[in-house]
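In what follows, a single structure is set out as structure tokens and then discussed.
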There are 2 protein chains.
Amino acid sequence: MKPVTLKEIAETLGISITTVSKALKDYPDVSKKTKRLVKELAQTLNYKPNAFAVNLRTKESKTIGLIIPEVVHHFFSSVIKGIIAQAEKKGYLVIILQSNESYELEKKQLDLLFSKRVDGVLISLANGTGDFKHLNDLMAQETPLVMFDKIAKIVNCSKVIINDRKAAYTATKYLIDSGCKRIAHFRGPLLPQNSIDRFLGYKQALVDHGFVYDPSLVYILDAMSFDEGNYYAAQLLKDHKDVDGIFINTDLVAIGAINELNKRGVKIPDDISIIGFSNWFMSSVISPTLTTIDQPGYLMGKTAFKLLYKEIKKRKNNQAVVYEEVELPTELIIRESTK
Amino acid sequence: MKPVTLKEIAETLGISITTVSKALKDYPDVSKKTKRLVKELAQTLNYKPNAFAVNLRTKESKTIGLIIPEVVHHFFSSVIKGIIAQAEKKGYLVIILQSNESYELEKKQLDLLFSKRVDGVLISLANGTGDFKHLNDLMAQETPLVMFDKIAKIVNCSKVIINDRKAAYTATKYLIDSGCKRIAHFRGPLLPQNSIDRFLGYKQALVDHGFVYDPSLVYILDAMSFDEGNYYAAQLLKDHKDVDGIFINTDLVAIGAINELNKRGVKIPDDISIIGFSNWFMSSVISPTLTTIDQPGYLMGKTAFKLLYKEIKKRKNNQAVVYEEVELPTELIIRESTK
DNA sequence: CTGAAAGCGCTTACAG
DNA sequence: CTGAAAGCGCTTACAG
């Protein structure tokens, strides 16, 4: 059974394709009777407009692209959910691509999305991305782009972020206030803005509270995995016997660290306090439960789509586009891993 | 900057659109020189074929649809990752929709995907789905469909599954072998085949080992959430003081149950042993770590796409399509929550 | 080796 | 109120 076309309906009814098309879209210049006839037949035949043709005519696909570093990831899957939900409300579909933290893949995928002629792109950058030409190229070709979470400050487009620096400051200050004297930091890779900002927040909190910043207490992680949490927790114990607090860039790593410290009989939080970042669901069920920064993933997804949608609409109506930067609130969630 | 078209390249070079098109696609009947000229200019102008037009002509979109009950879910996100990875290898893009376990939504989304003219659809059914007309309708319109994990036996299409019944049998038998005398089961809703099969495996293992099947030990859950794990664990303690083992349909629920039992001072596994299902990452880091059935999500995603791809190719070449049912292996992962 | 022409299935400005 | 016609940007069978 081939899909039904306008032509088929027109021939069956003995009227023109034009009239069928207009009837289905409730144009005011079609008689009620014709509309009724057309709509009934369309219903019976289960007619659905061929999106390929509609896209070609209207030059929109009602589809957006989403590039995300990693799909199996509590925070990002919450973001995905928010994006899909909001997109669906506005009649948009979402194509998802995973960059695997690779700049090369991210570039290729952006190209792919462009040739698909998606109406816009949402992106959270790969750790490997240090050059932004691919993003600017896409925008130069009139494809709206909105960045979220892992952004590049230098790229001129709308963005949805949290204040990583402030949140990291709050976390570190909490460790200080609870009595920690020697606070380490497990940071993310060098390129991503959010790992830079979290590091800066950590450092600032120390300095503001009379601590001497000691670079040897900062460990630069790469994969941000559970295993790295294991590894660097062990490393830290070896390097610095006096550490009594760690602020860790991501919950997954923090959970790895807790796992290692538990195994070695280090008491959390009595010997060492730990704060993570992101509030993964897991963090509320491990033992001890993890103090962390809650980052609103679902809301971030919804907001990112909203900004993109606004831009798509503006461009369509030839209105000036004003880039917006929306900062979402974070919250320190205090649990058992801190005093 | 408007996207570049074939026409533009043709005019610049003073040749026909036909020749440009053929040159770019390396048709043998175009001179080397012309090919070189065309390709160079296309490169310079960053020409990408307009997918809308290509789709309309070729009647394929190189895009598939994926409908999944819930995105924020360890198992399903692994499946998504597998699908995206395999699809990308074959030059396909993936549109993701979330049914939220709702039959109505699932139906609407299938319609949407059909009007988008995706080349095929991968689906894992919503808990609410008890009628399958929407699936058969889609296939009647020549859209290939492959089901995975949450399938309907009665629908005639390719499927990727695990042997839920056997896996549940293995899990329950393990509880029996480790000395449990009174084994409860937290099962999923009534409609999904996998919650039925897991229940049947549980029951069979009991019967095969000389237990009397007691329906009051089976709790029917709805949301399959952490909170339900809390709730039904408490309920179970109230109803049956003699229970010493629970086989639970999903890790997330099992983790909720462990959480509640820990809180109430029930010793796991000494007082009550627990086995979950799915091997969520979380299960290896909670305390006690959870014995569970490992379900290969990533592999399931890859396999599902492969079957779909095969069917798309066959149809394209007008070859007969043979539906396949692939059963993936599961594994009992023994951890601390059992003796 | 090159290109004119038809056509994929729509939408919409325009004429009647 | 209805419909003929142009056109979106490609691909490909066909003629030369």
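To find a chain, count down the sequence lines: A is the first, B the second, and so on, and within it residues start at 1. Quick caveat, the model's predicted, so the values are computed rather than measured.
In this structure, A:Lys59 reaches the D:dG9 phosphate: one of its side-chain N or O atoms is under 4.0 Å from OP1 or OP2. Remark: B:Ser16 is in phosphate contact with C:dG3, judged by side-chain N or O atoms under 4.0 Å from OP1 or OP2. Distances shorter than 4.0 Å separate none of the side-chain N or O atoms of B:Tyr47 from OP1 or OP2 on D:dG9.
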Discussion item. Using salt bridge (Lys or Arg N to Asp or Glu O under 4.0 Å), reason through B:Lys150 and B:Glu101 one step at a time and then give a plain yes or no.
Written reply: CA-CA 11 Å; B:Lys150 295 172 69 184; B:Glu101 303 286 6; 3.0 Å; yes

Discussion item. What verdict does the salt bridge (Lys or Arg N to Asp or Glu O under 4.0 Å) test give for A:Arg117 and A:Glu60, after you've listed the backbone C-alpha separation in whole Å, the side-chain angles of each residue and the deciding distance to 0.1 Å?
Written reply: CA-CA 8 Å; A:Arg117 300 292 195 269; A:Glu60 15 168 54; over 6 Å; no

Protein and nucleotides 12-16 of chain C: nitrogen or oxygen contacts under 3.5 angstrom:
unit_1 : atom_1 : unit_2  : atom_2 : d
C:dT12 : OP2    : A:Lys25 : NZ     : 3.4
C:dT12 : OP2    : A:Tyr27 : OH     : 2.8
C:dT12 : O4'    : A:Arg57 : NH2    : 3.4
C:dT12 : O4     : A:Thr18 : OG1    : 3.4

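Nearer to the 5' terminus of DNA chain C, by closest-nucleotide assignment, is the contact made by B:Lys32 (compared with the other of B:Arg117 and B:Lys32). Residue-to-nucleotide proximity on DNA chain D shows that, of B:Phe52 and A:Ser31, the 5′-proximal contact is made by A:Ser31.
Backbone-only engagement by A:Thr5 is indicated by non-hydrogen atom pairs under 4.0 Å involving sugar-phosphate atoms exclusively. Using a 4.0 Å heavy-atom cutoff across all strands shown, A:Val4 reaches sugar-phosphate atoms only and no base atom.
Closest contact between the side chain of A:Ala53 and the listed nucleotides D:dC10, C:dG3, C:dG9 involves C:dG9.
Shown here, D:dA4 forms no base pair; nothing in the strands shown gives a Watson-Crick or G-U wobble contact with both key distances under 3.5 Å.
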